[in-house]
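I have placed the structure first, in the form of structure tokens, so that the comments after it can refer back to it.
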Amino acid sequence: MDTTARREHWLRAIAAAADPAALAAIDTRLFGPKGEVPEFVRSVTALPKDERPAFGKAANAVKVEVEQALAARREQFAAAALAQELAGSAFDPTEPGPRAARGTLHPITIVQNELVDLFTSMGFRWEDGPEVESEYFNFDALNIPGDHPARESQDTFWCKAQPGLGRNLLRTHTSPVQVRTMQRLTRQGFHAPLKVVVPGRCFRSETVDKTHEHTFYQMEGLVVDRDVSTANLIHTMKTCLRVILERDVQVRLRPGFFPFVEPGFELDVNCPFCSGRGCSVCKQSGWIEILPCGMVHPNVLRQGGIDPEAYTGFAFGMGLQRVVMLRYGIDDIRQFMGGDLRFLRQFPEVAR
Amino acid sequence: MKLSLRWLSRHVDLTGLEPKQILADLTMSTAEIEGLERFGDGLECLVVGHVRQCERHPDADKLSVCQVDLGAAGGVVQIVCGAANVAAGQRTVVIRPGDTLPAQGGKGALKIKASKIRGVESNGMICSEAELGLAEAAPGILVLPADAPIGARFVDVLHVQDWVFEIDNKSINHRPDLWGHYGFARELAAIYGRELKPPVVPVPFPVEGRSVAVEIRDRDACPRYCGLVIDGVVAGPSPHELRWQLAAVGQRAINLPVDLTNYVMLDLGQPMHAFDARHVGTGPIRVRRARDGESITTLDGHKRKLTAQDLLICSGDKPEALAGIMGGEGTMVEAATTTLFLESANFHAATIRRTSMRLGLRTDASARFEKAQDPANAELAVHLFVDLLRRYCPSAKPLGPLVDPAGFRYEPKRIVLRRARLHQKLGLALEDPRVLGILESLEFGVTVTAAGFEVAVPSFRATKDIAIEDDLVEEVGRMFRYDNIPEVPLRGVIEPPVRNEELFLQRRLLEVACTDLGCSEVYNYSFVPDAVVDACGAAAHAYVLVENPTAPEQSRIRRHVLPSLLASAVPNLRQHAEVRLCERGKGYHPEMADEHQLPHEVHELAFVWTRRDGAHPFGELREAIAALLARLGYPAELQRVWHGKDQPWVHPHRAVAIDRDGSPVGFVAHLHPAIARTMALPATTAIACLDVRALLANGRKIARYQPVPTFPPLPVDVALLVDEAVSVAQVAEFLRTVGKKLVRDVQLFEVYRGERLPAGKKSLNFTVTLGADDRTLTDQDEGKYLGKVREQAASIGGELRG
Ligand SMILES: [Zn+2]
């Protein structure tokens, strides 16, 4: 066979290979030990000297062409195989794998952590206080003496007398930490500013129903510095509510009476459920009471060892359940203490 | 407390103001309004009818058949009426068929239909005050004045409809002046810049004549007592305008003198008592403390035992009333009363409050006195009472002088309000005229000085409310309206806040426990139910006890978190086959006290991992806790068997201590099987508890860098047969020691117990990772290592398997 005939023969064989195995067999036949192609190239030695250069050149060209044809055919098979692999198996995008851990923080914890993050970023320290508290810190130090009507309205759980223990109670608010913190920090003289938040559990003797709980969570805040004003309080509270409720809240500040502040305020936010038109959640007022606050009463500063002439301050006590309920749309306060995983697992987030 | 708009309008002109607007403005400047209701709502459909004819029903003695002229509102119609007092010639209130009487008290709305009553056609109904919701009960139909225009709307003829504001009493606890309409009218006058009319025009009393002497034995408890004898009283029902005015604010009408004492109280906030003068006799009226063991029967029929703290109003020595709270039985004015002894006094707030609290007897009077009423009102109230009484009962007249032995001379309290202090506390520089205007509108006397304002406090604000400069800041701020103060950010040095490490650690522990370990955080009450205490075998421990628990079986405050957490696992396990709970909480131990005489407090983080069946979760929880602590930088050793003293829920032999540098900070354990049974929990329940403060004590450990190995590691599987008594930690330590420096890591991957092993033995299967810093290890190294293990296994009573 001459060069042209061989070339035709080999290329046809390559083109005819049905699958990668057939192609591999052809590859072996052509280029393996004693392969037809190298044999053919070597057959140059049998030719007369003057024919050798021309034959050699032509034979090499055929060799290269056959090699390329082989490679191209291999590519074709690989591409077809890949195409088949990609198209091949059925795919269900909804088929789950093994379940990820399903732990959850309590929704009050989530919101409390966010508030702590917010206030610590504004330079507040995060502190804690006891839940079994003395009458002094819960009432007397806060300008609520023994016969003050405010004591009665707080529905206090009192502790039974026990040897070695004083007249104690379950704290009715987080405010006792105001004087506790001031006393602790003024022992070696006061260094302004004092900025602290104290979230925690409080108690008032109430019958539990959909909207009342005897165990509740507050977050106390206290700022004492030179020249702290009502205008500062308004700004700090607005900032806090905007961040935590994740909306541009409307707030209103109106008078509220608490013996440990003067003046005292109630801070309301516009009702998210009815956009202020009035609904059952906001008792038709369009506003939700969320934050009692005020300018620290001079008597409270004095109890804390701080001169009310030199320093002023503001304090607030945010009801955490209320904030959590607003944020997640929870309508039954009993869920918080109910311990039911079907409730708790609805809030898989952590503080952002 | 309820406020009537019509009533307020008598003191200040409120024309042009919507009730909703008034509600909003009072809320923003004065007190919280809880609600706004229309009194007499739905009565618009009623018309005035003239009874032309009234005949007995042919078939019923008690019914009358009336021909009633409704004029333009329906002509003459026939109505069957059951009232005894219906008569021809009366002007009455008629509801026509198709109209609806609004719902009243317990009764629903009533739609009127034309019907036949005992065979006689009836086209409507002639109404009584009770049916209109204007009285609790009525003896017959309401008869209107003879000049009431026939066919006119009832609500246009008589002033009956009103707007009623419901005030949140808590928001006026500190404001004695707001316990009557006049005080709110004063606020509205200040808010709207309108004129406030004087509360009463003084009435002249006779200089001589009949009076009853008054002796005040305790001037602290009773700073003022005014008494007046009034004759010619007709104690019949009050006219409808007075009764409806009282009904609008929820006060039941009784008879004219009593209704007027209530009216005055609801107007000025000054409680009064009208005695039948026969009862008081010639007196003298004596105000004295009760004697221990003395008693009085109050007009509600209860006999009350008294103490020396209580204050009595006596006739001579005979108790007639519990001062400021309630009159004695039988002293009240009745229909037959013609002569009154009128008491208008002022009592010490705390005295009244203590008695009222002790006896559990709260009245409208005690609620007002305990807020510290203004003594000036005691006299004003008498003038108002007499003025009104004479209007409704012209025959009534005071018989003698007003007896007022203590009198009241008020020297106004003066407070300096510094301009700088005012501006500083509000954060706003208010101009002087504005401040002056506000204070004067609230009836403060003001002198502007170089430093600010010298303010004279009126007596009605001086009893307890306005005491210091800051109280005046509030007055200015609330009337200016806090909403008008522009917000200003806090300013100051930027410094990171001091960190309370315990709080942050506790928070991170929880976050990791919930996100990494799959725990769900639960909150339980601090009260631990007796049933749970008993089930946990902890009834003998000391607890902080609550005096007034919500339920008797919930008086204990928990010492530890675990019992309540175990209890909350029970219902969850009904819903889920496996439950992982954690809770952070405080426990209280009353046997130890702190420097404030408070019980010792522990801060715990507790875990309960339980599954209905399958493998015991103890090992998983142990690993999880170790990983949790390492994650936070507080790596701990869990090696030592722990024997909990105070915690009976811990398995006595299957508990491991969590140690940091040798001191325990908690434990991981099997739940005690006996407790598991009483709590109805499966035996496959693991528990753990961390004492967060103890954990913190030895500080955080920051990880140390180790060079990453250059040569590949050589993992070797080693299975050792040992006695059950030999711990995993012992064997791991042995495997480490045997290989000396070559051992990089020892990990247990399986504990095998089974029939193929001798009794009392277990096979511990480890992967030991060998490695060297200077070369790649070979099979020879592995062989050498295994050889040493085989040779020395006897030192731990073990045997190399395979
Ligand atoms: Zn709403």
Side-chain angles (χ1 to χ4, degrees), chain A residues 101-106 108-109 113 120 123-128 130-132 134 147 149-150 153 157-160 162 164-166 168 170 193 195 205 214-215 223 225 227 229-232 234-236 238 252-255 257 262-263 265 295 298 312 336-337 339-342 344-345 350, chain B residues 27-28 30 170-171 173-174 350 353 370 424-428 470-471 473-474 477-478 482-483 485-490 492 495 497-498 500 503 507 510-511 514-515 517-526 544-548 550 557 568 572 575-576 586 588 590 593 596-599 601:
Chain A
R102 292 187 64 202
T104 47
L105 289 163
H106 192 284
I108 294 178
T109 302
N113 286 349
T120 50
F124 285 65
R125 52 203 284 171
W126 175 21
E127 294 289 353
D128 191 26
E131 289 162 11
V132 175
S134 70
D147 56 2
S153 66
F157 284 117
W158 290 94
C159 297
K160 279 193 183 157
Q162 270 164 313
L165 302 183
N168 297 331
L170 302 188
K195 293 200 277 184
S205 175
H214 57 60
T215 296
V223 174
D225 201 352
D227 287 337
S229 71
T230 305
N232 297 143
I234 296 172
H235 178 269
T236 310
K238 271 192 181 174
R252 66 172 194 186
L253 197 65
R254 56 183 173 84
F257 175 71
E262 187 62 67
F265 319 111
M295 302 301 293
T312 47
F336 292 122
M337 304 300 293
D340 189 335
L341 289 177
R342 291 170 298 176
L344 296 167
R345 285 185 175 168
V350 293
Chain B
T27 302
M28 294 308 287
T30 303
K170 280 205 293 288
S171 75
N173 268 341
H174 61 302
R353 196 180 125 75
E370 70 177 41
Q424 191 271 311
K425 270 200 107 168
L426 292 180
L428 182 71
D470 299 78
D471 295 328
V473 173
E474 173 173 41
R478 72 187 177 90
Y482 301 121
D483 258 11
I485 299 175
E487 55 186 290
V488 177
L490 282 169
E495 253 181 328
V498 176
N500 181 322
L503 291 173
R507 167 175 171 178
L510 261 173
E511 283 177 342
C514 292
T515 54
L517 310 183
C519 296
S520 291
E521 188 195 4
V522 173
Y523 286 12
N524 279 298
Y525 288 129
S526 301
V544 172
L545 298 169
V546 171
E547 229 168 56
N548 52 334
T550 49
I557 301 297
S568 55
N572 280 308
Q575 307 287 340
H576 312 273
K586 291 177 177 163
Y588 289 92
H596 298 295
Q597 293 185 294
L598 288 167
E601 187 180 87

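Within every chain, numbering begins at 1; the chains are lettered A, B, ... in the order of the sequence lines, protein sequences first and strands thereafter. Hydrogens, waters and symmetry mates play no part in the numbers below; they use all other heavy atoms, side chains included.
- The two residues D470(B) and P298(A) make their nearest non-hydrogen contact at OD1-CG, 3.4 Å.
- Side-chain atoms of N572(B) come within 3.5 Å of backbone N or O of G339(A) as a donor-acceptor pair.
- No salt bridge links D227(A) with K425(B); every basic N to acidic carboxylate O contact stays at or beyond 4.0 Å.
- At a 4.5 Å heavy-atom cutoff, the contact between Y588(B) and chain A is made by side-chain atoms alone.
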Practice prompt. Evaluate the side-chain hydrogen bond (donor to acceptor under 3.5 Å, both in side chains) criterion for residues Q424(B) and T312(A): first the C-alpha distance (whole Å), next the side-chain angles of each, then the deciding distance (0.1 Å), finally the verdict.
Written response: CA-CA 9 Å; Q424(B) 191 271 311; T312(A) 47; 3.0 Å; yes
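- The 12-atom threshold is not exceeded at CD of E495(B), counting heavy atoms of other residues, nucleotides or ligands nearer than 6.0 Å.
- Of the atoms belonging to L428(B), not a single heavy atom falls under 4.5 Å from chain A.
- For the set S171(B), P590(B), A350(B), S568(B), the count of heavy-atom pairs under 4.5 angstrom toward chain A peaks at P590(B).
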- Is there a side-chain hydrogen bond (donor to acceptor under 3.5 Å, both in side chains) between T215(A) and Y523(B) once you walk through the steps? CA-CA 10 Å; T215(A) 296; Y523(B) 286 12; over 6 Å; no
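- Closest approach of G103(A) and S520(B) over heavy atoms only: CA-OG, 4.2 Å.
- With a 4.5 Å cut-off on non-hydrogen atoms, N168(A) touches chain B through its side chain but not through its backbone.
- When the side chain to side chain contact (heavy atoms under 4.5 Å, CB included) test is applied to H235(A), the partners found at least two apart in sequence or on another chain are T239(A), E487(B), P489(B).
- For N548(B), the parts lying under 4.5 angstrom from a heavy atom of chain A are both the backbone and the side chain.
- Nearest heavy atom pair, residue T30(B) against residue P255(A), reads N-CG, 3.8 Å.
- Both the backbone and the side chain of E511(B) have a heavy atom closer than 4.5 Å to some heavy atom of chain A.
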Set out, in order, the CA-CA distance, both residues' side-chain angles and the distance that settles side chain to side chain contact (heavy atoms under 4.5 Å, CB included) for F157(A) and E547(B), then state yes or no. CA-CA 7 Å; F157(A) 284 117; E547(B) 229 168 56; over 6 Å; no
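- Options K195(A), M295(A), M337(A) differ in how many heavy-atom pairs under 4.5 Å they form with chain B, and the most are formed by M337(A).
- Ring geometry for F265(A) versus Y482(B): interplanar angle over 60°, hence perpendicular rather than tilted (30 to 60°).
- Remark: E474(B) pairs with no residue by the salt bridge (Lys or Arg N to Asp or Glu O under 4.0 Å) rule, at least two apart or across chains.
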